[in-house]
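Worksheet for the structure shown next.
Order of the sequence lines fixes the chain letters, A, B, ..., with proteins taken first and strands second; residue numbering starts at 1 for each chain. Scope of the values below: all heavy atoms of this structure, side chains included, with no hydrogens, waters or symmetry mates.
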Amino acid sequence: MFNKRIRIKELLAQAPTGQEVVVMGWVRSFRNNQFIALNDGSTNNNLQVVVTLGSQDDDLIKRITNSASLKITGTLVPSLGKGQKMDLNASMIEILGDSDAEKYPIQLKNRPSLEFLREVAHLRFRTNTFGSVFRVRHALAFAVHKFFNDKGFVYMHTPIITGSDAEGAGELFKVTALPFDNTPRNDKDEVDFTKDFFGKATNLTVSGQLEGELGATAFGDIYTFGPTFRAENSNTTRHLAEFWMIEPEMAFYDLEDNMNLAEEFIRYIIKYAIDNNREDLEFLAQRLADEEKQLPQDKRSEMGLMEKLGFVLNNNFERITYTEAIDILRESNHNKKKKFQYPITGWGMDLQSEHERWLVEKHFKKPVILSNYPKEIKAFYMRQNDDEKTVAAMDILAPGIGEIVGGSQREERLDKLEARMKEMHVPSEELWWYLDTRRFGTVPHAGFGLGFERMVQFVTGMTNIRDVIAFPRTPGSAEF
RNA sequence: UCCUGCUUAGCUCAGUUGGUUAGAGCAUCUGACUGUUAAUCAGAGGGUCGUAGGUUCAAGUCCUACAGCAGGAGCCA
């Protein structure tokens, strides 16, 4: 019977009145042959277990090593020491699993680096930092579902394997059941995918949006939350080959409705994490503050993590159009002193990340929603504005992370959509099903995609995206 | 993919202008101690200096290539 155990988080909330309890967890430290700091993953706070001298066999004491797993029965009493409210006086200690101290790779006293912990990602959850990060990640994921569920959205599972490469977002991972050493060939000596498992070339999804639109034009409001794959050779602190994306899609929404929802959504999930995981966030805030002490003054954040999150909750995002952004950039002293590596050449240029960072981090100092971009630099499905130069797109840029949301009002007018697809060489035959939504009861609609890991980065203050997903997939790396 | 930097003990790092047997802290092991809080104290073991070449009387140190990692850029979420 393991179910008698009480989680340490619950236990620490109780009054220690000599009650008998059973706890199970992993040894974080064993001091003085007498004090076990036991952690069970429910909180970073350890339970101090007191082993009375001579009450246990020496053999058993020797097996209480770093990360060994224990079952302990004892009585909960007020602590005689200063570091904690209560002690568990152990009456029975059972070793569930030994941990060879010479081989266990993580010595907490050594302050192992994040880079090293990535190499032992299977064990890094047993550290305070990753304990906090992944509990917060869970809270954010749960809040995503709660937010949309409470608003009556339908959670839609869009396919992981897709048969079209027309989505136009990045390099694709191919999915095939063909043998690599003897692929069937057609008369043009190309690989003959009609012989493949699905009878056509298939890939891992780069976005559920197009399928999401099919749902939205029936249910009204849907969202997806699933894995997404990009075979881009990106080696940065904010890109993964496999990441999780949330893509709501709403019928009867215009661009402004879309922006309002995105902003409300981001605020909601941040607030949920603060309300439910304040301790973890405070721990991460302290960790970040300690880390930033190593940095030169000009690279440190102006706000601590908790302040930053509070600020986002209490201040509206700045909303400007692309055209206004270009004007602000052009008129800025930063530009006039020629401090941008990429000059502001004028309307129509694509913004470089240094421009976005300057707008967000130096000029507005808060999240910014940029909207109505030139149609030339955006995707085919975005709704064309009346000026015939711009589309109803919007990106939300967050300090320190960059683009966290990309979305748009979708082009619901069949003739305009088909014309744009032709101009951009998007094969409309392959997307016949997508165009059908515009043929049969088309409606104004909009949606956005939010990169979940980037959101987790923003909330936890972790600077590398590989430290907010359990087992990161990046170019050259798919361990675990 | 491009640019820059890094790679020395299990971890985090020193290592001078190229010059004896490559160091420290922590971890580990052994012992001591016992109300500790990253416990403490004493002792011990632990290294093909990323890999392969090259220069030199002599290379951890200089040069070349490659690999891995990190940061920045591009692409994007």
How is [X] classified with respect to the nucleic acid when contacts are heavy atoms under 4.0 Å: base, sugar-phosphate, or nothing?
| X | result |
| --- | --- |
| A:Lys82 | base |
| A:Gln48 | base |
| A:Arg118 | sugar-phosphate |
| A:Phe448 | nothing |
| A:Ser29 | sugar-phosphate |
| A:Glu119 | nothing |
| A:Arg28 | nothing |

Measure [atom1]/[X] against [atom2]/[N] and give the value in whole Å, please.
| X | N | atom1 | atom2 | value |
| --- | --- | --- | --- | --- |
| A:Gln286 | B:rA38 | CD | P | 14 Å |
| A:Arg357 | B:rG71 | CZ | P | 12 Å |
| A:Asn128 | B:rU37 | CG | C1' | 14 Å |
| A:Ile465 | B:rG72 | CD1 | P | 12 Å |
| A:Glu102 | B:rA27 | CD | P | 14 Å |
| A:Ile404 | B:rA77 | CD1 | P | 12 Å |
| A:Tyr104 | B:rA27 | OH | P | 16 Å |
| A:Asp100 | B:rC29 | CG | C1' | 11 Å |

Any N/O donor-acceptor pair, [X] side-chain to [N] base, under 3.5 Å:
| X | N | result |
| --- | --- | --- |
| A:Gln84 | B:rU37 | yes |
| A:Ser234 | B:rC76 | no |
| A:Asn110 | B:rG25 | no |
| A:Asn33 | B:rU36 | no |
| A:Arg454 | B:rC76 | yes |

At less than 4.0 Å, is any side-chain N or O atom of [X] found next to OP1 or OP2 of [N]? Yes or no.
| X | N | value |
| --- | --- | --- |
| A:Lys109 | B:rA27 | yes |
| A:Gln341 | B:rA73 | no |
| A:Arg31 | B:rA39 | yes |

Do [Y] and [X] meet the salt-bridge criterion of a basic N to acidic O distance under 4.0 Å?
| X | Y | answer |
| --- | --- | --- |
| A:Arg319 | A:Glu263 | yes |
| A:Glu279 | A:Lys9 | no |
| A:Lys293 | A:Asp290 | yes |

Checking contacts here: which listed nucleotide ([options]) is nearest the side-chain heavy atoms of [X]?
| X | options | value |
| --- | --- | --- |
| A:Arg111 | B:rA38, B:rG35, B:rC76 | B:rA38 |
| A:Asn233 | B:rU1, B:rA73, B:rG35 | B:rU1 |
| A:Phe116 | B:rA38, B:rG72, B:rU12 | B:rU12 |
| A:Ser79 | B:rG35, B:rA38, B:rC76 | B:rG35 |
| A:Asn464 | B:rC76, B:rA70, B:rA73 | B:rA70 |
| A:Thr236 | B:rC76, B:rA73, B:rU40 | B:rA73 |
| A:Thr237 | B:rA27, B:rG71, B:rA77 | B:rG71 |
| A:Leu240 | B:rG10, B:rU12, B:rA77 | B:rA77 |
| A:Pro112 | B:rC11, B:rU37, B:rA73 | B:rC11 |
| A:Tyr342 | B:rA39, B:rC69, B:rA73 | B:rA73 |

Work out how far the [atom1] atom of [N] is from that of [M], and round it to whole angstrom.
| N | M | atom1 | value |
| --- | --- | --- | --- |
| B:rU55 | B:rG71 | C1' | 32 Å |
| B:rA9 | B:rC57 | C1' | 30 Å |
| B:rU37 | B:rC41 | P | 11 Å |
| B:rU56 | B:rC63 | C1' | 12 Å |
| B:rA22 | B:rC69 | P | 31 Å |
| B:rG72 | B:rG46 | C1' | 38 Å |

Would you please indicate yes or no on a ring centroid separation below 6.0 angstrom for A:Tyr253 and A:His445?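 Between A:His445 and A:Tyr253, the centre distance exceeds or equals 6.0 Å.
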
Relative to the ring of [Y], is the ring of [X] parallel (under 30°), tilted (30 to 60°) or perpendicular (over 60°)?
| X | Y | answer |
| --- | --- | --- |
| A:His157 | A:Tyr155 | perpendicular |
| A:Phe471 | A:Phe480 | tilted |
| A:Phe229 | A:Phe173 | perpendicular |

Base partner of B:rC76, which must satisfy Watson-Crick or wobble distances under 3.5 Å: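 For B:rC76, the partner nucleotide comes out as none, under the 3.5 Å rule.
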
Can A:Phe243 be called stacked on B:rA77 when the rule is centres closer than 5.5 Å and an angle between planes below 30°?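 Yes, aromatic ring over the base.
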
Does A:Lys365 have more than 12 heavy atoms from other residues, nucleotides or ligands lying within 6.0 Å of its NZ?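 Result for NZ/A:Lys365: open.
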
Want to settle it: does A:Pro475 or A:Leu351 sit nearer the 5' end of RNA chain B, counting the closest nucleotide to each?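 Closest to the 5' end, via its nearest nucleotide, is A:Pro475.
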
Start at the 5' end of RNA chain B and walk down; is the nucleotide closest to A:Gly476 or to A:Trp244 reached first?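 Counting from the 5' end, the first nearest nucleotide belongs to A:Gly476.
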
With A:His145, which of A:Phe153, A:Phe265, A:Tyr223 fulfils ring-ring contact (aromatic ring centres under 6.0 Å, His included)?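 Among A:Phe153, A:Phe265, A:Tyr223, the one that satisfies the ring-ring contact (aromatic ring centres under 6.0 Å, His included) with A:His145 is A:Tyr223.
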
